[in-house]
Amino acid sequence: MSVIEQYARAHIVTDADLLEEEHEAVPVVLRYDSEDDPRSVCVGLPGRHEWTFARALLEQGLRAPVGSGEVRVWPLGRVQAVVEFHSAHGVSVVQFESKALLRFLRRTYMAGQPVTH
């Protein structure tokens, strides 16, 4: 299995005007395809917004603030993490539970291991 897709709930904060219901947690898709690019992960936000960036950036950002290009990641306390996306349309800040990101990362690393019987 080369594609891993995991759904997570996250809070999105953006610099655009938001409707009140958009302040609630929303479903976010975390995707990894070891055949397409084994070093990258994809985060899909509602409204067809997707960002692909280095898997190592996500992993490092759970321990300390890191950033590369349009994506920045940092821990927020002990149980949450923030991923910040910059585009020509503005900035989106997505707040996750760290355990959801850790579970996803574990699955991506297990996907690269050979299966033994």
Partner residues of [X] under the side chain to side chain contact (heavy atoms under 4.5 Å, CB included) criterion, sequence neighbours left out:
| X | answer |
| --- | --- |
| Gln6 | Leu30, Ala100, Arg103, Phe104, Arg107 |
| Pro65 | Trp74, Pro75 |
| Ser68 | Leu57 |
| Pro38 | Tyr32 |

Are [X] and [Y] packed together at the side-chain level, in the sense that at least one heavy-atom pair is separated by less than 4.5 angstrom?
| X | Y | value |
| --- | --- | --- |
| Pro46 | Ile12 | yes |
| Val28 | Tyr7 | no |
| Leu76 | Phe96 | no |
| Phe85 | Val43 | yes |
| Ser98 | Val79 | no |

Please determine whether side-chain contact (heavy atoms from CB on, under 4.5 Å) holds for the pair Val73 and Val82, giving the CA-CA distance in whole Å, both sets of side-chain angles, and the decisive distance to 0.1 Å.
CA-CA 6 Å; Val73 184; Val82 172; over 6 Å; no
Quick one: salt bridge (Lys or Arg N to Asp or Glu O under 4.0 Å) pairs with a partner in [range], sequence neighbours left out?
| range | result |
| --- | --- |
| residues 63-80 | Arg72-Glu84 |
| residues 3-13 | Glu5-Arg31 |
| residues 33-47 | none |

Could you walk me through whether Val83 and Val71 pass the side-chain contact (heavy atoms from CB on, under 4.5 Å) test, one step at a time?
CA-CA 7 Å; Val83 183; Val71 180; 4.1 Å; yes
With no hydrogens and no angle check, do the side chains of Ser40 and Arg55 hold a donor and an acceptor under 3.5 Å apart?
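No donor-acceptor contact under 3.5 Å links the two side chains.
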In sequence, state the C-alpha distance, the side-chain angles, and the governing distance for Leu105 and Leu62, and then conclude on side-chain contact (heavy atoms from CB on, under 4.5 Å).
CA-CA 11 Å; Leu105 284 169; Leu62 292 174; 3.7 Å; yes
